[in-house]
Amino acid sequence: MRRLTLISDVDVLKYIIYLRENNIRLYLDDKKIKYKAMDGTSNEFISEFREYIGKNKNQFIKVLKNINDGIELSSIQKSYILGMDTDCELGGTNCAYYIEYSINNIDTVRLEKIINELIFENEGLRCFFVDINKYVIFDTFNKYKIKKLDNNLDYTEIRNLIFNKKYSYYDWPLFDFYVHKDSNIDDRLYFIFNCIVLDAWSASNLIKKMFDRYFFDIYIKSVSTDYSIYKRKENLYLDNLETEEYHKYLSDGMKKYSIPELKYKRDFSEIKKVTFKRVDYEFTVNETKEIFSKLKLLGYTPTMYIAACYARFLAEASGKESSSIILTINGRKNIIENENDIIGEFSNIAVLNYKKSGNFCDDLKNIRNSILEILEFIEHDGMESFKYIKQNKLGQIVSPFVLTSVIEEDTTMERFVTENYSISKTPQVIIDHHIRLIRNSMVISWDYVEELFEKEYIETLFNDYIKLLHNMKLNIL
């Protein structure tokens, strides 16, 4: 029997999960703690945990009540957990994002203090997933400690060590910070987060808040209960949302659903463990300004332009006239004040169907119209789309090509921080296409499943895509 000193809600939650793993479930019955144990559980084990819980009775009652009042997971969060099942095609992995920065002489003590302040202030960083249906937001936690890396490790070893770590969803924290000190060059800060707790926009917001405090002593505190209030209001909002028109839109739209078919070296069923790799390309600052300015003048966004190019390219690479991609969307709803400042998981998705037209200008116009139509239904649950795919079976891949666009950047950090590398991984995704603005340059990247492609093929494919981007650029300039 392991010994724990229960000093926080997190410790109690972890202990409850520990008991569950040993086939013992705790529950409240009229404010009394009760349990159910499997036949064969030793009397000694039962006696020990009952004594231990008895010494911390009030704290266990508080946490168990919190579990009873837990918040329901969103459809996307549930899909992340289900995708960890190795029985799913290209499953068995977390949905996570990894970033590394160069910073001169990191003050680990100061940074650690700031991270703990942000955890305390933001409920989205204090989520504990108790099962596949709900999570709780706890009050107290043990001080978070930045992990310090062995100076003898090289950067490739560090990257693999951190990025390939598999998190259990029934644990906390589902994010981590690592520091690597190097006497010869700038120190490295590594940040990895599980997408079940942070979306891309929240992660950017968190990093900005952290660096604002670290470099400039800028403190903008948020109300601690905003996230739980938002999530409970969102669940009520969705329950009362009129869906008839939306489901007609889905029913009609998903008849056009067309999954691109690239050249794979193995069947999905043969792959039991997935490894993600990244290829990327950076437009120059001048090219980026030129493209963005012209798109704005024509009434398009960079996301519309890239989506049109990506969908067109996948159709051509598949030898087809059509293709469908999944757009990752910032799904925040205007149901609470300052919702854009809240840190948490707010992702939504939408299916973008493409059919080749006469020329790229027509393609771009059609994609814009499709995205504007998507935005009319942005408050609905995009995961409902997959109910209308006829071939959809449990565990089968249905949304393998994704586009995530985060075209926002805070350049105030440029003198202090350099982003060196980033990569994502998502269960049941073949290629996750990211668009970001880094140092005023548009950066295009593909995170792809290494086991599916010959190295030469995927690199040639990506290079051909970059050529297409440049060629299509000429059509709008």
Side-chain angles (χ1 to χ4, degrees), residues 89-90 93 95 97-98 159 163 257-271 273-284 287-288 291 302-328 351-357 359-360 363-364 367 397-406 421-436 438 441-476:
E89 290 181 339
L90 303 185
T93 187
C95 183
Y97 201 94
Y98 163 93
R159 188 174 292 171
F163 183 61
Y257 193 69
S258 175
I259 299 177
E261 297 172 5
L262 304 180
K263 293 179 183 178
Y264 307 121
K265 66 179 182 181
R266 297 168 66 185
D267 290 335
F268 298 157
S269 60
E270 296 175 7
I271 299 172
K273 181 181 178 182
V274 295
T275 309
F276 279 83
K277 296 292 183 181
R278 170 167 285 200
V279 285
D280 56 21
Y281 178 84
E282 184 172 328
F283 285 83
T284 67
E287 285 174 328
T288 302
I291 294 170
T303 301
M304 292 172 181
Y305 166 67
I306 296 296
C309 291
Y310 186 40
R312 181 187 180 102
F313 180 79
L314 288 173
E316 291 178 351
S318 304
K320 298 160 71 174
E321 293 291 310
S322 60
S323 70
S324 297
I325 60 175
I326 305 300
L327 295 181
T328 306
V351 174
L352 183 63
N353 294 315
Y354 164 84
K355 185 169 181 59
K356 191 172 182 179
S357 56
N359 56 64
F360 180 70
D363 282 350
L364 187 54
I367 287 293
I397 286 179
V398 292
S399 55
F401 296 91
V402 178
L403 176 62
T404 304
S405 176
V406 185
Y421 181 77
S422 61
I423 187 172
S424 69
K425 56 182 176 180
T426 307
Q428 299 203 291
V429 165
I430 293 172
I431 295 178
D432 195 347
H433 183 341
H434 292 264
I435 320 165
R436 296 179 62 209
I438 302 175
S441 294
M442 181 168 65
V443 178
I444 303 295
S445 60
W446 286 1
D447 298 333
Y448 66 92
V449 176
E450 183 182 33
E451 289 80 3
L452 279 178
F453 299 103
E454 298 290 352
K455 189 172 187 293
E456 183 179 353
Y457 172 74
I458 192 68
E459 290 178 353
T460 300
L461 204 65
F462 183 72
N463 290 334
D464 288 345
Y465 175 60
I466 298 303
K467 288 176 186 175
L468 176 75
L469 289 176
H470 281 287
N471 290 337
M472 295 304 104
K473 179 182 71 175
L474 298 175
N475 286 301
I476 63 169

Requested in this report: Working to the nearest 0.5 Å, report the span between NZ of K273 and CD of E450.
Outcome: 11.0 Å
Query raised in the report: Any side-chain heavy atom of L469 sitting closer than 4.5 Å to one from I306?
Result: yes
Requested in this report: May I have the step-by-step check of side chain to side chain contact (heavy atoms under 4.5 Å, CB included) for V449 and F276, ending in yes or no?
Outcome: CA-CA 5 Å; V449 176; F276 279 83; 3.7 Å; yes
Query raised in the report: Can you name the nearest heavy-atom pair linking F462 to I444, along with the distance?
Result: CZ-O, 3.8 Å
Query raised in the report: Rounded to the nearest 0.5 Å, how far apart are CZ of F313 and NZ of K467?
Result: 10.0 Å
Query raised in the report: Is there a donor-acceptor pair closer than 3.5 Å between any side-chain N or O of S318 and the backbone N or O of E261?
Result: yes
Query raised in the report: Are the charged groups of E454 and K263 less than 4.0 angstrom apart, N to O?
Result: no
Query - Residue of the set T426, I325, L327, V429 for which side-chain contact (heavy atoms from CB on, under 4.5 Å) holds with V402 - result: V429
Query raised in the report: OH of Y257 to CG of L352: how many Å apart, nearest 0.5 Å?
Result: 11.0 Å
Query raised in the report: So, the side chain of S323 versus the backbone of Y354: is there a donor-acceptor pair under 3.5 Å, distance only?
Result: no
Query raised in the report: What are the two closest heavy atoms between I431 and Y448, and how far apart are they?
Result: CG1-CB, 4.0 Å
Query raised in the report: If you draw a 6.0 Å radius around CD in E270, do more than 12 non-hydrogen atoms from other residues or ligands fall strictly inside?
Result: yes
Report task. With the side chain counted from C-beta on, respond yes when Y465 and H433 share a heavy-atom pair under 4.5 Å apart, and no when they do not. Result -> yes
Requested in this report: Kindly give the heavy-atom pair with the smallest separation between T303 and S405, and that separation in Å.
Outcome: OG1-OG, 2.7 Å
Query - E316 backbone acceptor or donor facing K356 side chain under 3.5 Å - result: no
Query raised in the report: Quick one: do the S422 and R278 side chains pair a donor with an acceptor below 3.5 Å?
Result: yes
Query - Flag, side chain of D447 to backbone of S424, donor-acceptor distance under 3.5 Å - result: yes
**Report entry** Other residues, nucleotides, ligands: >12 heavy atoms within 6.0 Å of K455 NZ
**Finding:** no
**Report entry** Donor-acceptor contact below 3.5 Å, side chain D363 vs main chain S357
**Finding:** yes
Query raised in the report: Could you give the distance from CG (L262) to OH (Y457), rounded to the nearest 0.5 Å?
Result: 4.5 Å
Query raised in the report: If we only count heavy atoms from C-beta on, is the T275 to E451 side-chain gap below 4.5 Å?
Result: yes
Query raised in the report: How far does CG of L403 sit from CD1 of I435, to the nearest 0.5 angstrom?
Result: 4.5 Å
Query raised in the report: So, the side chain of S324 versus the backbone of I259: is there a donor-acceptor pair under 3.5 Å, distance only?
Result: no
Requested in this report: Taking the side chain as every heavy atom from C-beta outward, state whether E287 and K473 have any atom pair closer than 4.5 Å.
Outcome: yes
Query raised in the report: So do I458 and L461 actually touch side chain to side chain, heavy atoms under 4.5 Å?
Result: yes
Report task. Answer with yes or no whether the side chains of H434 and Y97 bring together a donor and an acceptor at under 3.5 Å. Result -> no
Query raised in the report: Going from CZ on F401 to CG on L314, what distance comes out if it is rounded to the nearest 0.5 angstrom?
Result: 6.0 Å
Query raised in the report: Will you find, in the side chains of S399 and Q428, an N or O donor that is under 3.5 Å from an N or O acceptor?
Result: no
Report summary line: Between L364 and A308, the two heavy atoms sitting closest are CD1-CB, 4.0 Å
Query raised in the report: With a cut-off of under 6.0 Å to the ring centre and 45° to the axis, is R312 in cation-pi contact with F360?
Result: no
